[in-house]
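Hydrogens, waters and symmetry mates are skipped; everything else that's a heavy atom, side chains included, is used. Sequence lines set the chain letters: A, B, ... in the order given, protein chains first and strands last, and positions in each chain run from 1.
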Number of protein chains: 2
Amino acid sequence: MSKIRNSEETKERILCAAQSLFAQRGFEAVSLREITAEAEANVAAVNYHFGGKDALIDAVIVRHMMPVMTERMKLLAVAQQRADESDGVIPVVETLDAFMRPFLMVMNESGENKALFAKFCGRIMSDVGSNLPAEAVEQFSIMVQKFTQALSQALPHVGQQELMWRLHFSFGVMAHTLMHGERLVEVTKGACGEPDFETTLKRMIDYCIGGLEA
Amino acid sequence: MSKIRNSEETKERILCAAQSLFAQRGFEAVSLREITAEAEANVAAVNYHFGGKDALIDAVIVRHMMPVMTERMKLLAVAQQRADESDGVIPVVETLDAFMRPFLMVMNESGENKALFAKFCGRIMSDVGSNLPAEAVEQFSIMVQKFTQALSQALPHVGQQELMWRLHFSFGVMAHTLMHGERLVEVTKGACGEPDFETTLKRMIDYCIGGLEA
DNA sequence: AAGAGAATGAAACAGATGTTTCACTAAATC
DNA sequence: GATTTAGTGAAACATCTGTTTCATTCTCTT
């Protein structure tokens with residue numbers, strides 16, 4: 001227990017390989033043998049450590065979405081604290097930042113392949129139906145509620161229903177950009193400028209502010 | 001040649017069944033046997049008429065995306081004609097309408113299962129990587145160029161690069177809404193209002209106008 | 001150092017997948 | 001009406017899928 005057991009390493013290697021491949025080609029399209037080949041592990045290891053492919057998918061999702069969720073809540077709490085010193089209302093720009101920035105942060109932490117992580121996050125939001133692990137669904141539901149409430153206070157002239165739709169649209173902006181950001185570069189042959197993450201974040205926030213306040 | 005041959009019927013039946021199933025579960029997850037079962041055709045028929053599964057996917061995409069593309073171009077041309085009678089600049093709202101409405105139109109024409117068609121369109125935009133049939137890619141590229149140009153004239157204060165990104169974001173709004181519109185209803189337990197297509201279109205357009213003009 | 005338990009590796013499993021084959025039927029052409 | 005072609009149906013094909021088995025190796029505890 002005191003030392004890192006070897007098994008934990010291979011578990012980690014499988015998770016990394018799986019995430020990388022899932023990001024590139026989707027959950028269904030990647031086989032266990034491809035994953036274990038890249039992870040330099042045996043096919044049986046997946047079933048031994050996780051219980052099966054579906055369980056591996058859930059593990060990968062939970063493993064890499066949870067930090068984003070908690071980071072979001074943390075940033076929103078900080079913004080709330082800051083707002084409480086004035087009128088108690090969080091500016092839209094800060095709410096959106098709390099919502100979108102965590103991807104950047106976790107990405108930067110995960111080093112190496114940032115674009116791949118972004119793609120993976122976007123894929124989770126688009127690819128998975130209602131098959132998300134229960135653990136993630138609950139956390140997600142709570143988060144949506146918190147952020148809707150914050151936006152509602154900052155945008156009192158926007159009706160509740162309208163706001164829900166606009167938040168949904170903002171989700172779409174983020175998901176699509178994460179997954180297909182590089183495609184824009186391809187299509188425009190680089191005329192859209194270099195896809196710097198911080199700049200892209202600012203662009204997304206500005207756009208969504210415009211949409212939310214419309 | 002004068003009469004509709006029987007083979008064309010089964011070809012059509014396969015296309016319909018494939019579209020329906022692809023929309024619900026994605027391209028990779030649906031097997032040929034499921035498709036031919038629903039189409040009441042033989043497994044060999046797919047390879048005989050299309051040449052294989054990949055070719056079938058391409059056929060389904062081309063078959064149902066082309067009307068949308070051409071309809072978009074038509075609506076934009078009409079708006080251009082209308083604009084030429086005044087200052088020659090197409091209002092943003094009309095450009096966005098020309099961009100998004102065709103989905104509604106083709107959906108309404110295709111009768112029966114509108115939500116399924118919407119989901120399929122959204123899936124094409126999200127699911128497929130750069131594996132789109134060449135025919136569609138070219139048409140798509142031309143369309144993007146035309147619409148960027150139209151928006152550029154209406155929004156001279158927005159730089160070219162910025163505009164490309166914002167158009168990309170608008171794409172995301174549409175794709176995400178088409179694919180996951182019903183999920184919003186689930187998550188909010190119906191509190192977001194009933195998902196009427198015309199209303200949703202207006203909501204999307206309003207949101208995107210706000211974002212584009214930000 | 002020895003033994004118990006965890007982790008691995010290679011092979012085999014049953015099932016599903018896309019594709020092909022070939023005998024057969026329907027339709028079009030002469 | 002006979003002949004050639006287009007289209008269909010059922011079965012077999014090889015391959016790949018996720019999963020399981022079991023003997024072996026490694027790691028930790030005593």
Side-chain angles (χ1 to χ4, degrees), chain A residues 1-63 123 127-129 131-133, chain B residues 1-63 123 127-129 131-133:
Chain A
M1 186 89 80
S2 55
K3 195 188 164 193
I4 298 170
R5 293 221 309 282
N6 219 342
S7 68
E8 292 297 324
E9 279 180 35
T10 71
K11 213 169 166 181
E12 191 66 25
R13 254 180 307 143
I14 290 173
L15 280 171
C16 287
Q19 180 193 337
S20 169
L21 289 167
F22 287 158
Q24 294 178 266
R25 318 218 314 274
F27 297 105
E28 310 253 23
V30 178
S31 72
L32 287 185
R33 282 169 176 82
E34 293 179 83
I35 295 171
T36 52
E38 177 141 332
E40 295 181 39
N42 194 276
V43 219
V46 171
N47 290 282
Y48 178 79
H49 286 289
F50 299 94
K53 188 186 182 183
D54 289 344
L56 172 62
I57 293 176
D58 282 6
V60 173
I61 292 176
V62 170
R63 176 74 191 278
R123 195 174 280 278
D127 223 39
V128 197
N131 307 348
L132 282 166
Chain B
M1 186 89 82
S2 56
K3 193 189 164 191
I4 298 169
R5 293 222 309 283
N6 218 344
S7 67
E8 292 298 324
E9 278 180 35
T10 70
K11 213 169 166 181
E12 190 67 25
R13 253 180 309 140
I14 290 173
L15 279 170
C16 287
Q19 180 193 336
S20 170
L21 289 167
F22 286 157
Q24 294 178 267
R25 318 218 314 273
F27 297 106
E28 310 255 20
V30 177
S31 72
L32 286 186
R33 282 168 177 81
E34 293 179 83
I35 294 171
T36 52
E38 176 141 332
E40 295 181 37
N42 194 277
V43 220
V46 171
N47 290 284
Y48 178 80
H49 286 290
F50 299 95
K53 189 186 182 182
D54 289 343
L56 172 62
I57 293 175
D58 281 6
V60 172
I61 292 176
V62 170
R63 176 74 191 279
R123 195 173 279 278
D127 224 39
V128 197
N131 307 350
L132 283 165

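The interatomic distance linking B:D54 (CG) with C:dT17 (P) rounds to 15 Å, in whole Å. Counting to the nearest Å, the P atom of C:dA7 and the CD atom of A:E8 are 8 Å from each other. Atom CZ of A:F27 and atom P of D:dT17 are 18 Å apart (whole Å). In this structure, the CZ atom of B:R13 is 12 Å from the C1' atom of D:dG7, given to the nearest Å. The separation between A:K11 atom NZ and C:dT8 atom P is 11 Å, rounded to whole Å. In this entry the distance linking NZ of A:K53 with P of D:dT20 reads 15 Å, nearest Å. Regarding A:R33, its CZ atom lies at a distance of 15 Å from the P atom of C:dG9, rounded to whole Å. Rounded to whole angstrom, the span from the OH atom of A:Y48 across to the P atom of C:dG9 amounts to 13 Å.
Toward the 5' end of DNA chain D, the nearer of the two residues A:V30 and B:A45, judged by each one's closest nucleotide, is B:A45. The residue among A:A44 and A:E34 whose nearest nucleotide of DNA chain D is located toward the 5' end is A:E34.
With a 4.5 Å cut-off on side-chain heavy atoms, B:I14 and B:F50 count as touching.
Between the side chain of B:T36 and the main chain of B:L32, a donor-acceptor pair closer than 3.5 Å is present. Judged by distance alone, the side chain of B:K53 and the main-chain N or O of B:N47 form no donor-acceptor pair under 3.5 Å.
The A:L32 side chain lies nearest to D:dG18 when the options are D:dT8, D:dG18, C:dG18. Taking the side chain of A:S31 as heavy atoms from C-beta on, and the options D:dT17, C:dT19, D:dT8, the nearest nucleotide is D:dT17. If you check D:dT19, C:dG18, C:dT17 against the side chain of A:V43, the one that comes closest is D:dT19.
Between the side chain of A:N42 and the base of C:dA7 there is no donor-acceptor pair of N/O atoms closer than 3.5 Å.
At least one side-chain nitrogen or oxygen of A:H49 sits closer than 4.0 Å to the OP1 or OP2 atom of C:dT8. Residue B:T10 places at least one side-chain N or O under 4.0 Å from the OP1 or OP2 atom of D:dT8.
Nearest heavy-atom pair across B:E12 and B:R63 is OE1-NH1, 2.9 Å.
Under 4.0 Å is where a charged nitrogen must lie from a carboxylate oxygen, and between B:E38 and B:R33 no such pair does.
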